[in-house]
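This is a predicted model, so every value here is computed, not measured. Sequential numbering from 1 along the given sequence is applied to the chain's residues.
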Amino acid sequence: MALVSLPPELRSICRRLTSTKVEHLPPLLPILLKDVARCQEPLSRPLEPKASESSPEAALLVHTLKTQINTLLTGRTTQGHFVGAALVKAVVETGGWESLRASDPWVRGLISIIKKKDPIVTKDLCIVTLTKIYTLMHEYPTLVREIVTPTLPDFANACLQILKPPVSSKVGKAPYSLIETIFEAISTLISLHPTTLRQFSAKFRTEIRPFLVPTSSDNVLIPTPLQVSSRRLAVRLHMTTAKGGDSADWTRYVEELAKTLHSTADQVFRAVRETWESTSGYKPQSVNFDVEPQGGGDDPSQLPRWVGVQAGGERIIGLLDFIGEYLHCHTRVAVTVPLTALVDLTSRISSIRPPTSSKDKLDSGMNPAIGREERDELWTVLAEIQVAAIKMHISLIQRLEKNYIPLAQESLDQTLRILQFTYRLPQARTIIFTLMKEMLRLCGPTLPKFTVESLGLLMKCCCRDLLGAAGYLPKPKLQSSSTLQNGQKPKTISQNADAFLPGKSQDDMMSVSLSAEHLSAAEALLTTLFNHLPQQHIPSSLRSQMIKTAILSCNRDAQVASILHPARDRSGRTPQVILPYLTQQFPRDESVEILRFNFRPIATGPTGEFMETDDAMVMDEDEQTQTESRSNGFSFGQGFDTEYSSAFAAPAPAAQFKASSPIPMRSAEPVQTPFLAQPLETKIQSVSEVTVVEPPSASISSLKRKNEDASAEISLSKRVEIEATFPTTTPSAPVGKAHGGEDESSDDESVHLNMELDSDDEDEDEDEDE
């Protein structure tokens, strides 16, 4: 117990801090932090305000530790400031409320370090430590009142001085890494203490303006993480509005971004005569064709100025990402999302169709007042703009979830239009796969047939990517250079001579390298296509390609989904069963084992033909696979022995018995259930060279077995006729020898039992023949 109350690490920390010079402490910092994490009990125990000689040893050591940390923070060395800030963060995380209660001098010391000319890494660590302290104190109103409220304004002022240093000071601009840390810290604290930071919202909004939607016209390169952090801070600034106005401000800012995007699109899309009509009431602005496309301004309420189609396209992409950040960030109150304005934006972007041939370039859809160079720049940046629009739809569907269903059909049409012109880009396919997966999960089962058929290009792209990643994508065939064009001999061109050499069959396939995110999106989409689409509406060729892709790419989830959601033909049967392939690829998977022992293809037929299946459902396997499957009790692909061919039928009608279709059987006795009829029990006796059949008193049925091998000879069926009433044993027509016919008739032959009612005349004729 003594070791638990006083861990040896606490003595080690105090000894190292008192005996080691401050300049030599940074290399020991990993050891110090590890030891602090092991001293949770003494750091979280209540202590006396002032330690004395009579105090326990643990209290004395904790007091010594806190005193050494204060000394490091108030010292003059930058090494001490860095080590002190790191130790403060470790102690408050480990000690809990007791350490937070005594952190007031640490907080003030960290704020003073931010204002000094310490290295950037030290200031960065001080900002992170202060943010951690303020976040932990949010649960304790007393600490918020005593420590956070008095010191948080000083912290905000210190951050603003870094972002915009005074003119009198000779301090240069802060690096982007430190600016990103400040934005993340303020955006974290503004949701916890909006009232305290309300007075600084306008200043921070001005400082984040250059980083929100940068373009190439700014002549600076803004890192993407800094753009994301600045947008997140801009979104959360609406929380500083007076009570009741933050929801209205959120909606107003989103609508302003939509209007800014429309005005930018008026300049960027001026090379095209748009057929789009606004549904949100926006009226396009007039465009001056004598100058380059441009927008923005120097006013603090506007975004920075941009010039050129490329810069304008970057501004549109940035605005779409900005709107997506508004949809991603959580709000304190319920907000109103302007869906009409957002869908209107994506409708306008998806309506722009780049030309696919030289004839389309001269089409009336192009503006003749715009030169060729500007049109080419537009087609270059249009694909990225459309991808950004798809990303905004993903943010919208993640925010609305099931409330997105009313927009699903229109969004689906927009996505398919964009896919037709951007499917060549891997990034576009990745984003579209992700959106379609989310959309089909919401409304896939209710899609009509013509809509499912319109997803053909999406299914082909998904299968092609997965086959390419697995190395089964066929190589494009080379066109012969000897082909005459317009009756003239083609020009001589240099070609790869090795391409004409005979190669192996595997050389006809090629592999494509795709990102992990791309493959994950394609695999998830393939599974969703099986799970959430009406399989009867998918063309059979596309479904076969999807099943082939799932098998070759070893996609377990897609194969399981294809088995659980089979495609039925017009007769209601399921001709494609890939369970043998699935069990071969994943023999030890639990879900596959459960499916293997519970799935029965015989139960997938039409309701009018009980226990019937198609011969194509039984797939041929090699001898090794059949041997393994028999040893495991697996029934697919096995033969159908005559000795186990029990007949299952419904109760017999009054007139005639019909034979049932063949079914694959296990090499075990069938389980008797109330859903199956009693099997036929036949006893054969030899009485004066006449075969006598003794039928049971219950209803009688027969089982007809088809030969699975198409090349095998069909044996002659044997006919047994039985009287309709069975008061006594009646001999039937001879069908063979009772005991001596084993050599002539093999046990492997099929027996066709066709039981009919015989009239009295027919019985007399048979007796005369005998």
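- More than 12 heavy atoms of other residues, nucleotides or ligands lie within 6.0 Å of NZ in K115, so this atom counts as buried by the packing criterion.
- Annotation: side chain of W306 is not in contact with side chain of V213 (no heavy-atom distance under 4.5 Å).
- Atom-to-atom distance recorded for I317:CD1 and T264:OG1 is 12.0 Å, nearest 0.5 angstrom.
- Formation of a donor-acceptor pair under 3.5 Å by the E314 side chain with backbone atoms of S216 is found in this model.
- No donor-acceptor pair under 3.5 Å is formed between the side chain of R38 and the backbone N or O of P8.
- Between R252 and E256 a salt bridge is recorded (basic side-chain N to carboxylate O distance below 4.0 Å).
- Although no hydrogens or angles enter the test, the distance criterion places no donor-acceptor pair under 3.5 Å between the side chain of T251 and the main chain of A248.
- The CG atom of L320 sits 9.0 Å away from the OG1 atom of T346 when rounded to the nearest 0.5 Å.
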How far apart are the C-alpha atoms of E146 and R101, what are their side-chain angles, what is the distance that settles it, and do they pass the salt bridge (charged side-chain N to carboxylate O under 4.0 Å, His left out) test?
CA-CA 9 Å; E146 295 177 355; R101 184 172 62 90; over 6 Å; no
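- Remark: K116 NZ is packed, more than 12 non-hydrogen atoms of other residues, nucleotides or ligands lying under 6.0 Å away.
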Does the side-chain contact (heavy atoms from CB on, under 4.5 Å) test come out yes or no for F183 and I179, once each step is laid out?
CA-CA 6 Å; F183 289 166; I179 296 176; 3.5 Å; yes
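- Applying the 6.0 Å contact sphere to CD of Q398 captures more than 12 heavy atoms from other residues, nucleotides or ligands.
- A donor and an acceptor atom, one from each side chain of R348 and H262, are located under 3.5 Å apart.
- Across all their heavy atoms, I133 and V88 have their closest contact at CD1-CG1, 3.9 Å.
- Remark: the D557 side chain and the T527 side chain contain no N/O donor-acceptor pair separated by less than 3.5 Å.
- The distance from atom OG of S191 to atom CZ of R332, rounded to the nearest 0.5 Å, is 8.0 Å.
- No donor-acceptor distance shorter than 3.5 angstrom exists from the side chain of S520 to the backbone of A516, with no hydrogens or angles considered.
- Side-chain contact annotation: T188 with Y134, donor-acceptor N/O pair under 3.5 Å absent.
- A side-chain donor-acceptor contact under 3.5 Å links N157 to the backbone of P153.
- The shortest distance between side-chain heavy atoms of K66 and V62 falls below 4.5 Å.
- Annotation: side chain of L130 is in contact with side chain of I114 (closest heavy-atom distance under 4.5 Å).
- Here the side chain of S247 pairs a donor or acceptor atom with the backbone of A334 at under 3.5 angstrom.
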Just do the side-chain contact (heavy atoms from CB on, under 4.5 Å) check on L25 and F82 with the steps written out, would you?
CA-CA 10 Å; L25 285 178; F82 181 81; over 6 Å; no
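- With hydrogens and angles ignored, the 3.5 Å screen pairs a side-chain donor or acceptor of T206 with a backbone N or O of A202.
- Between D465 and F433 the shortest side-chain heavy-atom distance falls below 4.5 Å.
- For the atom pair CD of Q427 and CD1 of I432, the computed distance is 10.5 Å after rounding to the nearest 0.5 Å.
- Remark: the R108 side chain and the S112 side chain contain no N/O donor-acceptor pair separated by less than 3.5 Å.
- Closest of all the heavy-atom pairs between S177 and D124 is O-OD2, 4.0 Å.
- Closest non-hydrogen pair, M439 versus S411, comes out as CE-CB, 3.9 Å.
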Go through R45 and E41 one step at a time and tell me if the salt bridge (charged side-chain N to carboxylate O under 4.0 Å, His left out) criterion holds.
CA-CA 6 Å; R45 179 176 298 177; E41 184 173 349; 2.9 Å; yes
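- Proximity of V148 to T196: side-chain heavy atoms (C-beta onward) are nowhere separated by under 4.5 Å.
- Among all heavy-atom pairs drawn from L110 and C126, the shortest one is CD2-SG, 3.8 Å.
- Smallest separation of non-hydrogen atoms from A234 and L212: CB-CD2, 3.9 Å.
- The backbone N or O of V343 lies less than 3.5 Å from no partner atom in the side chain of S347, so there is not a single donor-acceptor pair.
- The two residues T336 and W250 make their nearest non-hydrogen contact at O-CZ3, 3.6 Å.
- Annotation: side chain of L189 is in contact with side chain of T135 (closest heavy-atom distance under 4.5 Å).
- The CG atom of L261 sits 5.0 Å away from atom CG of L345, with the distance rounded to the nearest 0.5 Å.
- Ring geometry, F322 versus Y326: the interplanar angle falls from 30° to 60°, so the pair is classed tilted.
- Separating the CD1 atom in I162 from the CD1 atom in I182 is a distance of 4.0 Å, to the nearest 0.5 Å.
- Distance alone, capped at 3.5 Å, is enough to place a donor-acceptor pair between the D218 side chain and the T215 backbone.
- Between the side chains of Q386 and T422, not a single donor N or O lies within less than 3.5 Å of an accepting N or O.
- With contacts defined as side-chain heavy-atom distances shorter than 4.5 Å, the pair H328/R232 does not qualify.
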side-chain contact (heavy atoms from CB on, under 4.5 Å) assessment of L87 paired with L17
CA-CA 11 Å; L87 288 176; L17 291 177; 4.1 Å; yes
Going through the checks in order, is the side-chain contact (heavy atoms from CB on, under 4.5 Å) test met by W97 and L136?
CA-CA 9 Å; W97 183 84; L136 294 175; over 6 Å; no
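- A donor-acceptor distance shorter than 3.5 angstrom exists from the side chain of S515 to the backbone of H518, with no hydrogens or angles considered.
- Among L339, L342, L442, the one residue that satisfies the side-chain contact (heavy atoms from CB on, under 4.5 Å) test with L407 is L339.
- Side-chain atoms of H393 and T415 form no donor-acceptor pair, as typed in the model, at a separation below 3.5 Å.
- Put simply, the side chain of T181 does not reach to within 4.5 Å of the side chain of K123, judged on heavy atoms.
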